[in-house]
Amino acid sequence: MLATYYNMKSGKYITKKDDYNHFVIVNSNKLNVKDKLNLRQFVIKHKLPVTFNEKETLYLTDENDVLNIISKLKYFRKNIMSPTPKFRDKLFSWMIILLMFLIPIYVAYFLSDFIQSNWIYPIINHLKNDTLDWNHFFETILFDNYGLISLGSYSIVWALPVVVFIGISTAIINQSNIKSYIVWSIDPTMQHIGLTGYDIVPVIEGFGCNAAAVVNAANNCNSCSKQNCVSLISFGSSCSYQIGATASLFSVMHLPWLFIPYILIVFIGGLIHTKLWNTKTFLPTFYFNLESLQMPKLKQTLLQVYEIVKMFLLQALPIFFAICLGASLLSMTTIMTSAANIFNILLEWLNVPNNMSSGILFSMIRKDGMLLFNIDNGGVLRSISIGSAFLLILFSSTFTPCSVTITMIIKKLGIVKGLKIVGKQMITAIICLLISIIALKLI
């Protein structure tokens, strides 16, 4: 006697010796909800003598029955069951995700570099040296290391183009329905770190603004994966302000190509961080609606980009100017130096001057606070080793989410879970930094 076992996920079947001739469908529980329902209805409609439990032998079969059942189930998998993403689908989707950020950032970099070199530097030098006889207070507030004009201009020149071009890229992905294909194809990969394909949507939105993405994840992600998704956003989604700041810093170091390994390390590090701290929960199987591709609608695309730019100009930019003003005022005292001294031991390990600690401190408030590393027009960054400068920027990017994002995490998940997420991120960032420092010393 032989029993036939048909795997609904793979479409393959095997036969084993048994006391009875019967047909067992296995792995049907791994189908999405819609496919499970359709399979049950299909079996009933065609009166297939099968069972879904190998311990049951309700229906006896012969060789003709087996061939007929296999033929019917092949038809079901080909014409009724939702398609399963293949390796090429997964690879293509991850390439789309990578390119939808790298291409806008690449274009934004050259535009920002041109504006900075040809317009901003000459204008700042003219305002500082050829207009008024500035007294020490106003010269410090406007043109010093943390000046509203000298440093504040970087937020506009380097962050705004990134915001615009990533906004265009994201809008095109949304309007063309490519997003539904991405969600479907990367779901198996996301399952390995405790997330679903749908969770990539707020993660992608995090590259615009982490705080808004956290709200989206808290409101729309499945409750089982919500905490993991927020953890990935806070660590691995580099917001547009963070991207603009790091692009600026690598530019003044005359090493713009460092941005590519930087963004990859941050995102992959976020995946590893989420996997390490993964809350072990059951993830339900979803039905993915693959929408047909269409041409993006210009009006809706421009409207989406307009809303992103509006949020940057009205919300992010004033906060950064406030950071510049606060840093300028505090630089005249010993307060900022004292507050940032907690990071001095790390800076000593990196062979980085202590006056760079203010950049780490203010990056905890806003990610573009890292622009405070641009002391003396990047002279300090260029004076230290490439490895030290890279690790300094990487650590500042990942040590904590920005203060606004932390507030949103606590608001949406509660103070205990919120602080746990932030604390785990601090631990991961410190461990990674120490491992990297030790590795650099051994090289």
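Note that this is a predicted model, so its numbers are computed, not measured. The figures here come from the full heavy-atom set of this structure, side chains too, leaving out hydrogens, waters and symmetry mates.
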Kindly determine whether Ile272 and Thr428 satisfy side chain to side chain contact (heavy atoms under 4.5 Å, CB included), including the steps that lead there. CA-CA 10 Å; Ile272 296 172; Thr428 301; over 6 Å; no
Could you give me the CA-CA distance, side-chain angles and deciding distance for Asn351 and Ile384, then say whether side chain to side chain contact (heavy atoms under 4.5 Å, CB included) is met? CA-CA 7 Å; Asn351 294 320; Ile384 61 181; over 6 Å; no
Could you walk me through whether Trp94 and Ser185 pass side chain to side chain donor-acceptor pair (under 3.5 Å), step by step? CA-CA 9 Å; Trp94 284 113; Ser185 58; over 6 Å; no
I'd like to know whether Ser112 forms a side chain to side chain donor-acceptor pair (under 3.5 Å) with Gln116, so could you lay out the CA-CA distance, the side-chain angles of the two residues, the decisive distance to 0.1 Å, and finally the verdict. CA-CA 6 Å; Ser112 299; Gln116 184 76 41; over 6 Å; no
Apply the test side chain to side chain contact (heavy atoms under 4.5 Å, CB included) to residues Ile186 and Lys90: give CA-CA distance (whole Å), side-chain angles for both, the deciding distance (0.1 Å), then the verdict. CA-CA 5 Å; Ile186 69 171; Lys90 301 174 187 177; 5.6 Å; no
Show, in sequence, the C-alpha distance, side-chain angles and deciding distance for Met8 and Leu73, and conclude whether the side chain to side chain contact (heavy atoms under 4.5 Å, CB included) test is met. CA-CA 8 Å; Met8 284 304 304; Leu73 292 178; 4.2 Å; yes
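For the side chain to side chain donor-acceptor pair (under 3.5 Å) test, residues two or more places apart in sequence or in another chain that qualify with Gln300 are Gln175. With sequence neighbours left out, Lys179 forms a side chain to side chain donor-acceptor pair (under 3.5 Å) with Asn174. Residues that satisfy the side-chain contact (heavy atoms from CB on, under 4.5 Å) test with Ile44, not counting sequence neighbours, are absent from this structure.
No donor-acceptor pair under 3.5 Å is formed between the side chain of Ser251 and the backbone N or O of Ala247. Without hydrogens or angle criteria, Thr4 side chain to Phe23 main chain gives no donor-acceptor distance under 3.5 Å. A donor-acceptor contact shorter than 3.5 Å links the side chain of Arg77 to the backbone of Lys9. Checking side-chain atoms of Thr398 against main-chain N and O of Leu394 turns up a donor-acceptor pair under 3.5 Å. Using modelled atom types, no side-chain atom of Ser169 and backbone atom of Phe165 make a donor-acceptor pair closer than 3.5 Å. When atom types are taken as modelled, the side chain of Ser71 and the backbone of Leu67 share no donor-acceptor pair closer than 3.5 angstrom. Checked by atom type and distance alone, the side chain of Asp89 pairs as donor or acceptor with a backbone atom of Lys86 at under 3.5 Å. The main-chain N or O of Ser234 is found under 3.5 Å from a side-chain atom of Gln425 such that the two form a donor-acceptor pair. The backbone N or O of Asn177 lies less than 3.5 Å from a partner atom in the side chain of Ser180, making a donor-acceptor pair. Looking only at distances, no side-chain donor or acceptor of Ser388 sits under 3.5 Å from a matching main-chain atom of Val352.
For the pair Val24 and Tyr6, the minimum side-chain heavy-atom distance is 4.5 Å or more. Within the 4.5 Å cutoff, no side-chain heavy atoms of Phe235 are placed close to those of Leu271. Using a 4.5 Å cut-off on side-chain heavy atoms (C-beta onward), Tyr106 and Ile260 make no contact. Between Ile409 and Pro401, the closest side-chain pair of non-hydrogen atoms falls below 4.5 Å. You'll find the side chain of Leu433 stays beyond 4.5 Å of the side chain of Phe399, heavy atoms only. In this structure, the side chains of Ile168 and Pro104 stay at 4.5 Å or more apart for every pair of heavy atoms. Side chains of Ile25 and Asn7 form no contact here, defined as non-hydrogen atoms less than 4.5 Å apart. Proximity of Ile97 to Ile173: side-chain heavy atoms (C-beta onward) are nowhere separated by under 4.5 Å.
Taking the six-membered ring where tryptophan is involved, the planes of Phe259 and Phe250 are perpendicular, since the angle between them exceeds 60° and thus also 30°. Between Phe395 and Phe343, the angle of the ring planes goes over 60°, which puts this pair in the perpendicular group of the 30/60° scheme. Using cut-offs of 30° and 60° for the angle between ring planes, the Phe42 and Tyr75 rings count as parallel.
Residue Arg382 qualifies as enclosed at atom CZ: its count of foreign heavy atoms under 6.0 Å is above 12. Around the CD1 atom of Ile415, the shell of radius 6.0 Å holds no more than 12 heavy atoms that belong to other residues, nucleotides or ligands. Counted within 6.0 Å of NZ on Lys420, heavy atoms from surrounding residues, nucleotides or ligands total 12 or fewer; the atom is thus considered open. Heavy atoms of other residues, nucleotides or ligands lying less than 6.0 angstrom from CD1 of Ile386 number 12 at most.
One distance of note links OG of Ser363 with CD1 of Ile393; it measures 11.0 Å at 0.5 Å rounding. Of the inter-residue distances, the one linking Leu232 atom CG with Trp277 atom CH2 reads 15.5 Å to the nearest 0.5 angstrom. We find the CD-CG distance between Gln227 and Leu195 to be 11.5 Å, quoted to the nearest 0.5 Å. Taking OG1 from Thr400 and CD1 from Ile360, the interatomic distance works out to 10.5 Å, rounded to the nearest 0.5 Å. In this structure, the separation between CD1 on Ile149 and CG on Leu142 is 4.5 Å, given to the nearest 0.5 Å. Atoms CG and CG, from Leu391 and Leu434 in turn, are 10.5 Å apart once rounded to the nearest 0.5 Å.
Looking at every heavy atom in both residues, Ser231 comes nearest to Ile421 through CA-CG2, 4.2 Å. The minimum heavy-atom distance between Leu48 and Lys72, with the atom names listed, is CD2-CG, 4.0 Å. When all heavy atoms are compared, the tightest approach of Asp35 to Ile80 is OD1-O, 4.2 Å. When all heavy atoms of Met370 and Ser397 are compared, the pair lying nearest together is SD-OG, 3.5 Å. Residue Thr301 comes nearest to Pro296 through the heavy atom pair OG1-CB, 4.0 Å, listed as atom of the first residue, atom of the second, then distance. Residues Cys229 and Val203 approach most closely at SG-CG2, 4.1 Å, considering heavy atoms.
Checked against a 6.0 Å centroid threshold, the rings of Phe110 and Phe114 do not count as neighbours.
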